[in-house]
Every structure is written in structure tokens, then in C-alpha cells.
Amino acid sequence: MAHNIDLSGYSIRTDLAVEAHELAQQQNQSDIEGVWLQADDSEPNVKVTRLHVETEGAGKEIGKLPGHYLTIEVPKLRDNDTSIEEQVAKRFSVEFAKFLKQLGITEDKKALVVGLGNWNVTPDALGPMVVENLLITRHLYTLAPETVGEGYREVSALSPGVLGITGIETSEIIFGVVEKSKPDFVICIDALASRALHRVNTTIQISDTGIHPGSGVGNKRKAIDQATLGVPVIAIGVPTVVFASTIVNDAITYLMGHFGQSMVESKRAFNKLAMSTLPERKEPYTEEDLPDMESRKTFMGLVGSLPEEEKRQLIHEVLRPLGQDLVVTPKEVDDFIEGVANVIATGLNRALHSAVNEENSGSYTH
């Protein structure tokens with residue numbers, strides 16, 4: 001049974017952002033001029049997708065802002081397996097260090113890490129929990145510089161809460177801190193509302209295009225990006241919730257994919273819903289797995305023949321007036337948030353401080 005977040009009670013106290021990007025290889029985005037894509041699944045359990053959108057024109061084609069995007073997809077991340085978490089922390093630290101280098105951010109640049117979200121709402125507490133486990137050094141450079149050895153950079157951190165708690169726009173708080181503390185770049189960590197069921201609690205997404213707090217639950221907030229802060233902003237997000245309309249939409253797609261697979265296995269087209277003895281499938285269905293349009297109409301009528309975005313919008317329009325387009329999170333969210341927060345904090349500590357490695361990183365997290 002899942003935990004439900006009723007929007008009427010939490011809309012002003014939850015600033016979950018919406019996913020900034022989906023897995024690009026599923027949309028054939030690499031065929032578009034000005035879009036560079038690289039997928040790497042050479043490591044067991046982990047798939048890394050790197051996407052670079054070079055121009056505004058290319059960005060409009062795929063619905064993304066120009067910039068760099070990195071997705072680390074780990075389906076087993078939701079299993080609360082410590083060995084998987086350590087593997088992901090190691091890969092995250094390597095990839096994030098490369099990401100900084102790609103943006104021209106050297107080891108001497110000062111960082112401000114912002115943990116967005118509400119620590120009182122579990123699916124939205126990712127940012128604050130990461131901040132709790134970071135190695136913070138800025139005060140040492142001011143108060144006791146002689147104690148700071150080689151291999152560390154100046155890092156400060158902030159958990160500003162959400163508008164419903166503080167009464168202040170998150171972007172205003174961050175802008176004030178940036179103005180006074182003058183970091184060279186900002187890292188914002190936030191929980192996301194997923195656009196697809198299979199990505200909840202399985203992916204870590206990184207981009208240099210900033211973040212929009214509250215966009216995932218319909219609360220429009222001022223963007224936190226380089227244009228508003230004056231320094232580069234790197235967003236780290238993890239999808240932790242999904243709308244009920246997304247669950248319904250994906251369930252319809254999975255049903256059609258299941259029927260399509262049944263047709264292939266049985267070598268026949270059937271005209272009624274039938275049970276199947278197909279093996280359990282772990283991967284989401286793609287467009288290639290679905291039956292032809294006529295078969296979709298047979299299975300699902302008009303709904304089955306609608307384009308993906310129109311189908312999603314229709315379901316949203318039906319559920320929202322009834323107050324049933326809930327924001328849903330898996331029942332294991334408590335353990336997951338704690339685990340993935342530790343993964344990100346460990347990875348950041350290693351990526352930001354070259355003196356922190358696999359042997360000693362446990363000293364800085366709990």
C-alpha cells in the first residue's frame with residue numbers, strides 16, 4: 001500500500017520539482033541536429049545517459065533547455081541493498097567529477113550546496129538529508145585555515161525549507177546567501193515528481209540548467225538557475241513520487257505491451273482480453289513492444305489509439321476535477337530516501353574533495 005500526499009493539504013508545504021528530462025534514448029533524440037547523446041550500460045546494474053543540447057532550436061525540438069544532462073539509472077536502487085548503494089555512490093562521484101570538469105569548474109572553485117525540500121514530508125526530504133551528511137569546510141577556511149589540508153575545497157550548505165514554512169521564496173533565500181557568501185557555483189538537490197512510473201526511486205538526474213521548485217505539484221516558483229543567481233547552478237534530482245494519472249497512463253501502456261508480447265509469443269492476433277503465462281517482465285515497454293494500431297483499438301478502444309501525450313492529458317483531466325490525481329510515493333520511501341541521500345552525499349563528498357575516497361568517506365556520512 002502506498003503513502004498518498006493529498007495536494008489540498010501539502011500544496012503550499014511541498015515544493016517537489018518536476019523531472020527536467022526523460023531518458024533520451026527512448027525518444028530517438030540523438031537523430032536531431034544539435035543534440036548529442038551517449039548511453040553507457042557497460043557496468044552491471046547501472047546505465048548512464050549523457051545528453052547535450054547545443055542550441056535553443058534543438059532544445060525546442062525535444063522540450064529541453066540547452067545544456068548538459070546526465071542520468072544514472074539503477075533499477076535495483078529501490079531494493080535498499082547496501083552493496084548496490086556503494087556501487088552507485090562510487091559511479092556517481094566519478095560522473096559528477098567529470099560533469100564539473102566538463103563545465104570548467106576546477107578544484108579550487110567554492111561550492112554552495114542547497115538541499116531543497118521539506119524535511120517534514122518524507123518524499124520531499126531528500127535535499128535536507130543530503131546536506132546533513134556533507135563535508136562542510138567554508139568556516140574552517142575563515143576560522144582555522146591552518147587545519148585544512150590538501151585535497152579539500154571550500155564548501156558551504158543550506159537547507160532553506162519551503163515557502164509554506166518560511167513565507168519566503170526559496171530563490172530569494174538562496175540569492176541572498178549567494179550574494180553574501182559569493183560561491184563560484186551552486187549545487188541544488190531536490191526530490192522530483194516523475195513523468196514515468198518505472199523511474200520512481202531508480203534514477204539520479206543531473207543537469208546544468210537549474211531547477212524549478214514546486215513545478216512537480218503545480219506550485220510555480222521562480223527558477224533557481226544561472227540567470228537568477230549569477231553563478232552556474234547544477235541540479236541533482238531523484239524522482240520520488242508520481243501522479244495517479246501517470247500510474248493509470250503507464251498501466252494502460254503496460255497492458256498493451258503485455259498483449260503485444262502475448263501476440264508475438266502465440267503467433268496469433270486475438271480479439272479479446274486473455275490471460276497469459278508469459279514470464280514476469282522487469283523492463284518498461286517501448287513503442288516497439290506495443291501491438292499495431294488496429295490491435296490497440298481492439299484492446300482499449302479510442303483510448304488505445306491516442307498518442308501518448310494526449311492519453312496522459314485525458315486521464316489527468318478526468319481525475320483532477322474529482323480530486324483523485326493524487327501524488328503517490330512507494331511505501332518503502334522512508335528507507336529509500338535515507339539510502340539515496342547517503343549515496344548522493346557520499347558521492348558529492350568524494351567528487352568535491354579529492355582527499356575523500358572510498359576508504360575514508362564513511363567518516364563523513366552516517
Side-chain angles (χ1 to χ4, degrees), residues 3 5 9-19 77 80 85 88-89 92 96 111-139 155-178 181 183 185-194 200-201 203-206 210-217 219 221-222 224 229 233-241 327 329-330 332-349 351-352 361 364-366:
H3 298 296
I5 305 176
Y10 287 98
S11 60
I12 64 169
R13 293 187 178 273
T14 302
D15 275 352
L16 289 155
V18 71
E19 269 188 310
L77 191 58
N80 198 28
E85 290 175 356
V88 177
F92 175 85
F96 195 81
L112 168 64
V113 182
V114 181
L116 298 172
N118 186 344
W119 46 83
N120 296 315
V121 180
T122 304
D124 197 24
L126 175 66
M129 291 186 71
V130 171
V131 165
E132 285 184 1
N133 288 282
L134 288 178
L135 173 58
I136 306 302
T137 58
R138 181 176 181 270
H139 60 300
V155 176
S156 55
L158 171 71
S159 294
V162 296
L163 180 64
I165 291 178
T166 65
I168 307 172
E169 284 285 358
T170 305
S171 59
E172 294 176 355
I173 297 174
I174 299 171
F175 179 81
V177 173
V178 168
S181 64
F185 67 104
V186 173
I187 301 171
C188 285
I189 305 161
D190 200 7
L192 307 175
S194 182
V200 175
N201 290 5
T203 64
I204 301 174
Q205 302 179 355
I206 304 169
I211 200 164
H212 293 73
S215 58
V217 288
N219 298 332
R221 300 281 183 263
K222 191 174 182 180
I224 301 171
L229 298 184
V233 176
I234 301 171
I236 302 174
V238 177
T240 62
V241 304
V327 180
T329 189
E332 304 89 357
V333 67
D334 305 78
D335 289 338
F336 174 78
I337 290 294
E338 183 177 351
V340 77
N342 189 281
V343 165
I344 294 174
T346 300
L348 282 178
N349 285 338
L352 294 176
S361 60
Y364 304 108
T365 58
H366 56 81

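All values derive from a computational prediction rather than experimental measurement. Values below: every heavy atom of this structure, side chains too, minus hydrogens, waters and symmetry copies.
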So do Val88 and Leu77 actually touch side chain to side chain, heavy atoms under 4.5 Å?
yes
Run the numbers on Val233 and Ile187 for side-chain contact (heavy atoms from CB on, under 4.5 Å), then give the verdict.
CA-CA 6 Å; Val233 176; Ile187 301 171; over 6 Å; no
Test item: Pro183 and Val178 side chains (from C-beta on) under 4.5 Å apart, heavy atoms
yes
Working to the nearest 0.5 Å, report the span between CD of Glu172 and CG of Leu163.
9.0 Å
State the CG-CD distance between Asn342 and Glu132, to the nearest 0.5 angstrom.
11.5 Å
Distance from Thr346 atom OG1 to Asn133 atom CG, nearest 0.5 Å?
7.0 Å
Evaluate the side-chain proximity of Val121 to Pro123: yes if any heavy-atom separation is below 4.5 Å, no if none is.
yes
Could you tell me which residues satisfy side-chain contact (heavy atoms from CB on, under 4.5 Å) with Ile136, sequence neighbours excluded, listed by chain and number?
Leu134, His139, Val155, Ala157
Gap separating the CD1 atom of Ile168 from the CD1 atom of Ile173, nearest 0.5 angstrom:
4.5 Å
Looking at every non-hydrogen atom in both residues, tell me the closest pair between Val131 and Val114 and how far apart they are.
CG2-C, 4.4 Å
State, yes or no, whether a side-chain contact exists between Asn201 and Pro239 at a heavy-atom distance under 4.5 Å.
no
For a quick test of reading the model, state the closest non-hydrogen atom pair linking Ile337 to Thr122 and the distance between them.
CG1-O, 3.6 Å
Asn349 (side chain) donor-acceptor with Leu135 (main chain) under 3.5 angstrom
yes
With Asp335, which residues qualify under side-chain contact (heavy atoms from CB on, under 4.5 Å), at least two apart?
Asn80
When rounded to the nearest 0.5 angstrom, what distance separates CD in Glu338 from CD in Glu85?
9.0 Å
Heavy-atom side-chain proximity of Val177 to Leu112 below 4.5 angstrom:
yes
Full working for side-chain contact (heavy atoms from CB on, under 4.5 Å) between Val200 and Thr240
CA-CA 5 Å; Val200 175; Thr240 62; 5.6 Å; no
Can you list the residues that meet the ring pair (Phe, Tyr, Trp, His ring centres under 6.0 Å) rule with Phe92, with sequence neighbours excluded?
Phe96
In Å, rounded to the nearest 0.5 Å, how long is the span from CD1 of Ile211 to CG of Leu192?
6.0 Å
Kindly write out the residues that satisfy side-chain contact (heavy atoms from CB on, under 4.5 Å) with Pro128, not counting sequence neighbours, or none if the list is empty.
Trp119, Ser159
Side-chain heavy-atom pair Ile189, Leu126 within 4.5 angstrom cut-off
yes
Passing option when Val238 is tested against Asp190, Val343, Ile344, Val130 for side-chain contact (heavy atoms from CB on, under 4.5 Å)
Ile344
Work out which heavy atom in Thr170 is nearest to a heavy atom in Pro160; give both atom names and the distance.
CG2-CG, 3.7 Å
Is any side-chain heavy atom of Val241 closer than 4.5 Å to one of Val333?
no
Val113 side chain near Ser156 side chain, heavy-atom distance below 4.5 Å:
no
Derivation of the side-chain contact (heavy atoms from CB on, under 4.5 Å) call for Phe175 and Ile224
CA-CA 9 Å; Phe175 179 81; Ile224 301 171; over 6 Å; no
